[in-house]
Amino acid sequence: MAESPFDVAGIGNAIVDVLAHADDTVLQSLGVAKGVMTLIDADRAEAIYAEMAPSIECSGGSAANTIAGIAGLGGKTAFIGKVKNDQLGSVFRHDLKNQGVIFNTPAAEDGNSTARCMILVTPDAQRTMQTFLGACIELGPEDIDPDIVGRAQVTYLEGYLWDPPQAKEAFRKAATIAHEAGQKVALSLSDPFCVERHRAEFLELMTDHIDILFANEAEITALYQTGFDDAMTRLKGHVGVAALTRGARGSVVVSGDTVVSQTAEPVAAVVDTTGAGDLYAAGFLYGFTQGRDLGTCARLGGICAAEIIGHIGARPAVDLARLVTHTLTHTV
C-alpha cells in the first residue's frame, strides 16, 4: 500500500477558545456548574464573555487540539469542521493552518456565527467550559472530504460532535470511507455527560465503526455503568484498541488480551487540565501512525498531556517534537 498523505484527519467542533482565570465566587455569581462543559446560547455566551477576566483566545475544540498536537510532533494532519465566514472563523482557519494543518472545509455564508468556548480556570486547575456551538452544528455529510479521509491512516472523531443528527451521518460516512480505503477510525468519548446522552449509540458506533477508542476513567465507567476493571474487560468486544487515561495514575491501553499500563509523567505543578485528554490522544496517535508499540504510544501521550497541564491553555507552550525527543532520550 502506498504511503498515506495524512497520518491523522480529525473531524470535530471548530471552536475559538477564550480562556481566563476565575475563582469559585465568579463561578457562583455566573451560576455555572464547576468542572464540566455546558452548552449555552448566543445571549448567554455574550453575558459570560462580558464578565470574564483578561483572556487568551485561540483556535480550539477537542479534535482540533489533538490534530494541532500531532502536527506539532511532526505528523501530517488535516481537520474537518464548520466555521462561519466571519472574523472568528478567519481567526480559527488562519491559526490552524499556521500550525501546518490542512483545513479546507468551506465556511458557512449564513446562519450561526463561529463557535466559541469560554473556559474558566479555577486555582485548583479545574476548567469549567461554557460553549456556544454556533456554526459547528451545521457540519454534515456534504462536508466530509473523501480524498482526505480515504488517505488518512486514522480518522479521529470527536464525541462532542455526536449531538446534531447531520453530524452523526457525517461520522458514519467518514467511517465508511476510511474502512473501504483500508484505514482506521478512532473516537474520543469526550465527556461523561456526552456519554450519558448517547450511551447506546456510542456502543453501537464502537461495535460497527471504531478501531481505536479514547476515554478517561469517568467516561469509560459511565459508558458501561460499571467499575474500571470490568469496563476494561467489556471493551475487548467493542474495539481493537482502547487508550484509557486515569489522571495522576497514568493510562492503560487495552488491545485484545494485551493490557499495557503506563505511569503518569512528572509535573512540577498542575495549572490547568484543559486539553489533557486531547494532547494524550495526539501523542498516542502520532506514535501509532509511526508504527510504535502500544507502550510507547501511551508514553508519548503522557508526555504531551503532562506538558499541557503545566500551563493555561490547550495548546503546547514548547516545541512538542523536541520535548518528546529529549524526554525519551534522557529516560531509561
Query raised in the report: Can you list every salt bridge (charged side-chain N to carboxylate O under 4.0 Å, His left out) pair that touches residues 170-186, not counting sequence neighbours?
Result: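 Checked against salt bridge (charged side-chain N to carboxylate O under 4.0 Å, His left out) - neighbours excluded - the pairs reaching residues 170-186 are E169-R172.
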Check side-chain hydrogen bond (donor to acceptor under 3.5 Å, both in side chains) between [X] and all other residues, then give those that pass, not counting sequence neighbours.
X	value
D319	none
R246	E217
E307	H311
S190	none

For residues 95-107, run the donor-acceptor check on the side chains, cut-off 3.5 Å, and write out each pair with its distance to 0.1 Å, sequence neighbours left out.
{"from": "D95", "atom 1": "OD2", "to": "S59", "atom 2": "N", "distance (Å)": "2.9"}
{"from": "D95", "atom 1": "OD2", "to": "S59", "atom 2": "OG", "distance (Å)": "2.5"}
{"from": "N98", "atom 1": "ND2", "to": "H94", "atom 2": "ND1", "distance (Å)": "3.3"}
{"from": "Q99", "atom 1": "OE1", "to": "R315", "atom 2": "NH1", "distance (Å)": "3.4"}
{"from": "Q99", "atom 1": "NE2", "to": "D95", "atom 2": "O", "distance (Å)": "3.1"}
{"from": "T105", "atom 1": "OG1", "to": "G81", "atom 2": "N", "distance (Å)": "3.3"}

Query raised in the report: Does L27 sit in a hydrophobic cluster with other residues, and if so which ones, taking ILVMFWY side chains as linked at heavy-atom separations under 4.5 Å, directly or through other members?
Result: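 The other cluster members (ILVMFWY side chains, heavy atoms under 4.5 Å, direct or chained) are V18, V26, L30, V32, I40, I48, Y49, M52, M118, L120, F132.
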Query raised in the report: Remaining members of F193's ILVMFWY cluster at a side-chain heavy-atom cut-off under 4.5 Å?
Result: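 For the cluster that includes F193, the remaining residues are V36.
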Query - All ring-ring contact (aromatic ring centres under 6.0 Å, His included) counterparts of F171, not counting sequence neighbours - result: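 Counting only residues at least two positions away or on another chain, F171 forms a ring-ring contact (aromatic ring centres under 6.0 Å, His included) with W162.
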Requested in this report: Using the test ring-ring contact (aromatic ring centres under 6.0 Å, His included), find all partners of H326 that sit at least two apart in sequence or belong to another chain.
Outcome: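 Partners of H326 by the ring-ring contact (aromatic ring centres under 6.0 Å, His included) criterion, ordered by chain and then number, come out as H330.
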Query raised in the report: salt bridge (Lys or Arg N to Asp or Glu O under 4.0 Å) with R44: which residues, sequence neighbours excluded?
Result: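 If we apply the salt bridge (Lys or Arg N to Asp or Glu O under 4.0 Å) test to R44, skipping adjacent residues, there are no hits.
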Quick one: do [X] and [Y] make a salt bridge, cutoff under 4.0 Å?
X	Y	result
K168	E201	yes
E46	R116	yes
R127	D17	no
R299	E265	yes

Query raised in the report: Out of curiosity, M37 CE to C117 SG, how far, rounded to the nearest 0.5 Å?
Result: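 So the CE of M37 and the SG of C117 are separated by 7.5 Å.
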Query raised in the report: Considering residues, nucleotides and ligands other than R199, do more than 12 of their heavy atoms fall under 6.0 Å from its CZ?
Result: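 More than 12 within 6.0 Å, yes.
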Query raised in the report: Are there more than 12 heavy atoms of other residues, nucleotides or ligands under 6.0 Å from atom CZ of R197?
Result: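 Yes, because the 6.0 Å sphere around CZ of R197 holds more than 12 heavy atoms from other groups.
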Query - Sub-6.0 Å ring centroid separation between Y224 and H238 - result: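 Ring centroids of Y224 and H238 are less than 6.0 Å from each other.
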Query raised in the report: Where do V121 and V271 come nearest, in terms of heavy atoms and distance?
Result: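 Closest heavy-atom pair between V121 and V271: CG1-O, 3.8 Å.
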Query raised in the report: Should the ring pair F79 and F92 be called parallel, tilted or perpendicular, given that the plane angle runs from 0 to 90° and is split at 30 and 60?
Result: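 Answer is tilted, since the angle falls between 30° and 60°.
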Requested in this report: Applying side chain to side chain contact (heavy atoms under 4.5 Å, CB included), name anything that partners P164, two or more places apart in sequence or on another chain.
Outcome: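 P164 satisfies side chain to side chain contact (heavy atoms under 4.5 Å, CB included) with I137, Q166, A167 once adjacent residues are dropped.
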